[in-house]
Amino acid sequence: MARSSCRLLVFQVVCVLVFSVGLIRSSVAFAEGCTESGCLSIAAVSPTALETGALVPISISGTGFNGEAQVYVDGGEVIDILSFSDSELIALIVAPSMEGTYALAVDQGNLTSVSPVGITVVDVPAVAPPGTIKFTTPPLATATIYPTVMPASFAAVVSVTGTTLSPEGTGIQYFINGTPVGSKTTATSLTYTGVPLGLHTLTAELVTAQGKPFNTTTSRTTAILKVQIPCTTAAQCEDANSCSNASCIGSICRYGLKTATCCQVDKDCPGKQVCNAGQCVECKADVNCVEGDICTADFCINGSCLHTATDGCCTTDSDCNDTNPCTIDTCDPNTNKCVNSGNNDPNCCFVVADCDDGDPCTAEACVGNICKFGPVAGCCYTTADCTSPLLCIKNKCLECGIDSDCDDGSACTADICGDNGKCQHISVVCNDQTVCTTDSCNPAVGCVFSPISCLDNDLCTSDGCHPVSGCIYPPADCDDNSVCTTDSCDPSVGCVHTSKSCFDNNLCTQDTCDPQLDCQFPQISCDDQNACTADSCHPATGCIHTPISCDDGNGCTSDSCDPSSGCVFVNNTLPCDDQSACSAGDTCKDGTCQGTDVECVDFDLCTIDSCDPEVGCVFTPTDEQCDDGDACTENDNCQSGTCQGSPTNCDDSFPCTMDGCEPINGCFHTFTEGCRGDLDGDNDINVTDATCFVYAFISWKEKLPVPECLFEQSYSHADVYCDGNINVQDLVILTYLVLDQPLPLLLDVNQDNIVDLCLESQP
């Protein structure tokens with residue numbers, strides 16, 4: 001078992017990570033754990049409640065056992081691999097997220113043994129009270145001058161009261177500047193080493209068996225350490241503590257706190273205080289102020305806790321006493337609210353409604369929690385109880401209850417039942433607010449509005465009536481909205497419209513009048529329907545028709561004129577010259593002079609081929625990027641008319657590969673012997689590679705991005721077995737390599753410590 005401690009270190013990392021993402025279940029067939037040679041068994045687990053770091057004994061008895069066995073939890077993933085020839089202890093690393101009961105199994109070939117009792121994982125709570133801790137020897141609490149070489153070490157001593165320190169229970173965690181120093185210990189003194197120059201905060205804190213701190217004011221103590229040296233300037237005294245004032249006084253480095261509550265981390269603050277923006281305060285958030293009292297609301301305001309009593313909250317029945325003899329006072333344990341219910345005493349009341357006897361003619365009152373009764377004056381039950389013509393309405397004798405009870409049959413009154421139960425008959429006012437009607441009221445139909453007459457028998461006025469001023473007679477509007485007439489009015493016949501004359505003495509216009517635009521003189525048409533003449537007009541003589549010219553100035557057309565269509569231009573095929581050095585064999589075609597394009601191609605990628613109509617072909621060198629067709633060059637570009645590139649750098653900086661280049665496919669990297677398993681590319685196979693494999697396995701299983709720890713960011717580096725998968729087989733091989741042990745003969749026939757399948761799969 002010489003490899004036990006190293007193997008446990010590797011698998012502590014593996015177990016924590018695998019358990020944190022949850023066990024991946026698979027089917028495991030458990031066979032009988034004995035053969036003729038002996039038995040494979042797991043000893044009874046005691047205690048069954050395991051905490052962090054608990055050890056589970058596994059017993060192997062008989063003579064036929066050797067080699068390796070795999071350890072499972074609940075038939076899931078392998079969490080450990082044992083090499084054994086006798087009994088063995090394995091370490092189970094558990095976390096609070098694993099709380100529950102599990103079955104442990106060990107499997108060797110066809111032999112499997114299951115633990116006889118379940119393994120229960122629990123999160124052990126903190127023991128209360130945790131006790132009190134304080135420095136009895138605050139180390140270097142007063143200024144101490146050291147030579148230019150820092151002291152090697154000094155001792156800090158604390159005292160603890162109110163609790164028992166033991167490896168299984170409460171312990172002490174030491175800190176310097178908020179950083180843990182060592183692990184949890186039961187020692188009440190600790191030697192600090194290598195402390196740098198300046199002002200430092202020392203902390204000792206009581207923690208549980210799992211290393212969890214107690215959240216109490218007495219479970220943490222702090223002290224200030226000053227490491228000083230001779231100096232000539234203040235710059236020689238500078239430290240990394242933002243809370244200290246460094247100075248050189250009397251040739252000695254001096255330090256003091258900027259404020260009494262200055263801090264860098266929570267551990268710099270006493271008790272339950274926390275560090276917020278460089279100051280020790282009582283709280284940073286409401287959660288820091290929770291005291292566990294359900295009847296207080298806990299708040300963090302400006303770094304101080306405020307505990308406000310919750311209105312109406314209770315914890316016991318005595319909190320709910322309202323001093324009323326007519327109530328039963330209790331505290332509801334489900335809501336922590338007071339319930340003050342009646343005690344069913346018929347003589348007790350709390351509100352007037354408790355005294356209601358159902359009689360509307362009885363007046364009730366609740367006086368001193370006792371019901372009082374009296375008659376209601378003027379109350380009735382039926383109309384017979386009232387004097388005619390009064391009615392019994394809502395237990396009162398009234399003239400009416402609703403407006404319809406007051407109807408007098410006249411449309412000239414508004415009948416209303418008043419709030420006092422008396423009828424009102426209000427006369428209707430008939431006024432339509434106009435002098436153009438005569439207003440009156442008819443009891444049968446209501447208001448009547450008769451129009452007045454405003455006729456004056458004059459056809460040159462418009463007769464009408466204005467609601468305020470009465471009859472009006474505005475002049476009649478005789479405007480026919482035409483500028484071609486003169487408008488007037490005759491009282492006997494009405495409006496008269498006389499036409500105006502439009503004449504301009506021009507033979508080239510047609511004289512008309514537009515009602516909106518006045519006189520208009522549009523040009524007449526002189527079109528003779530002959531396309532070979534230009535038509536015009538003279539004001540004195542009229543239309544003129546002049547022959548047109550059909551010469552288009554194009555030597556590649558034959559010109560003529562057709563009276564029906566005008567000029568005709570027929571394309572010809574005569575020889576011509578287009579005046580361009582970029583064409584040859586010019587002739588007339590489709591009405592233009594055309595020639596064959598001169599081809600300007602020199603088949604050089606590093607020139608721009610073009611043609612200038614004045615001089616002909618032009619080949620201009622360039623410095624553009626290009627491709628010389630060689631995969632072993634890069635950054636190819638044109639230089640002096642040719643494509644050139646620089647050699648490609650194929651060095652991958654990985655000592656486990658042999659680098660080279662091939663002109664067609666480019667760089668290649670071949671694994672050298674002995675490097676398979678170096679996942680992070682540091683030329684060493686160690687526990688870091690095993691941890692990196694766990695991240696790669698989880699990411700590959702969950703289809704997540706490649707972890708950053710993998711060399712060259714490729715999942716293939718985690719495939720140590722070279723079979724295209726990432727699984728337990730790769731972890732087994734990697735474990736052999738981490739422990740520097742020879743691989744099994746089945747995987748490495750030639751015993752060169754390289755998986756044979758990997759050599760076969762190399763390019």
Side-chain angles (χ1 to χ4, degrees), residues 324 326-327 340-342 344-477:
N324 189 334
C326 289
T327 60
N340 305 107
S341 57
N344 297 323
D345 186 339
N347 296 318
C348 283
C349 64
F350 301 97
V351 293
V352 174
D354 295 339
C355 301
D356 187 4
D357 60 0
D359 187 345
C361 290
T362 301
E364 301 95 355
C366 181
V367 181
N369 297 112
I370 302 299
C371 289
K372 305 293 183 180
F373 304 94
V376 177
C379 185
C380 63
Y381 297 101
T382 66
T383 300
D385 298 334
C386 301
T387 302
S388 180
L390 300 181
L391 306 173
C392 186
I393 300 172
K394 296 182 180 178
N395 299 109
K396 292 183 179 181
C397 292
L398 306 171
E399 287 184 5
C400 60
I402 56 177
D403 291 346
S404 60
D405 294 338
C406 299
D407 187 4
D408 61 0
S410 173
C412 291
T413 60
D415 306 320
I416 301 172
C417 182
D419 293 338
N420 58 359
K422 293 183 177 295
C423 289
Q424 301 176 34
H425 306 285
I426 303 172
S427 296
V428 174
V429 178
C430 295
N431 186 355
D432 60 359
Q433 304 300 318
T434 174
V435 298
C436 294
T437 62
T438 301
D439 306 332
S440 62
C441 186
N442 186 328
V445 296
C447 290
V448 178
F449 306 103
S450 303
I452 66 174
S453 175
C454 291
L455 181 63
D456 67 352
N457 295 314
D458 185 349
L459 295 180
C460 287
T461 62
S462 297
D463 305 334
C465 187
H466 188 279
V468 176
S469 59
C471 292
I472 56 175
Y473 306 99
D477 184 7

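One is the number of the first residue; the rest follow in order along the sequence. Hydrogens, waters and symmetry mates play no part in the numbers below; they use all other heavy atoms, side chains included.
P474 meets the side chain to side chain contact (heavy atoms under 4.5 Å, CB included) test with S462, I472; sequence neighbours excluded. With sequence neighbours left out, N340 forms a side chain to side chain donor-acceptor pair (under 3.5 Å) with D329. Every residue two or more places apart in sequence or in another chain that forms a side chain to side chain contact (heavy atoms under 4.5 Å, CB included) with C423 is listed here: E399, C400, C406, H425. Residues satisfying the side chain to side chain donor-acceptor pair (under 3.5 Å) test with D463, not counting sequence neighbours, are T461. Remark: V468 engages H466 in a side chain to side chain contact (heavy atoms under 4.5 Å, CB included) (not counting sequence neighbours). For C379, the side chain to side chain contact (heavy atoms under 4.5 Å, CB included) partners are C361, V376, N395, not counting sequence neighbours. Looking at residues two or more places apart in sequence or on another chain, you find no side chain to side chain donor-acceptor pair (under 3.5 Å) involving S410.
Closest of all the heavy-atom pairs between E364 and C355 is CG-O, 3.2 Å.
Of the two cysteines examined, C349 and C326, the SG atoms fail the criterion of being under 2.5 Å apart. Cysteines C441 and C412 are disulfide-linked, with SG atoms closer than 2.5 angstrom.
Residue pairs meeting the side-chain hydrogen bond (donor to acceptor under 3.5 Å, both in side chains) criterion with at least one member in residues 373-386, sequence neighbours excluded: D359-Y381.
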Can you list the steps and then say if F449 with S440 is a side-chain contact (heavy atoms from CB on, under 4.5 Å)?
CA-CA 7 Å; F449 306 103; S440 62; over 6 Å; no
Passes side-chain contact (heavy atoms from CB on, under 4.5 Å), T438 versus I452? Steps please.
CA-CA 7 Å; T438 301; I452 66 174; 4.0 Å; yes
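Under the disulfide bond (SG atoms under 2.5 Å apart) test applied with C380, the options C392, C397, C386 reduce to a single match, C392.
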For residues 428-435, which side-chain N or O atoms pair as donor and acceptor with protein atoms under 3.5 Å away, sequence neighbours left out?
unit_1	atom_1	unit_2	atom_2	d
N431	OD1	Q433	N	2.8
D432	OD1	T434	N	3.4
D432	OD1	T437	OG1	3.1
D432	OD2	T437	OG1	2.8
T434	OG1	C436	N	3.1

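A distance of 8.0 Å separates CD1 of I393 from CD1 of I402, quoted to the nearest 0.5 Å. The OH atom of Y473 lies 15.5 Å from the SG atom of C460; values are rounded to the nearest 0.5 Å.
A donor-acceptor pair under 3.5 Å is absent between the side-chain atoms of D403 and the main chain of I416, judged by distance alone.
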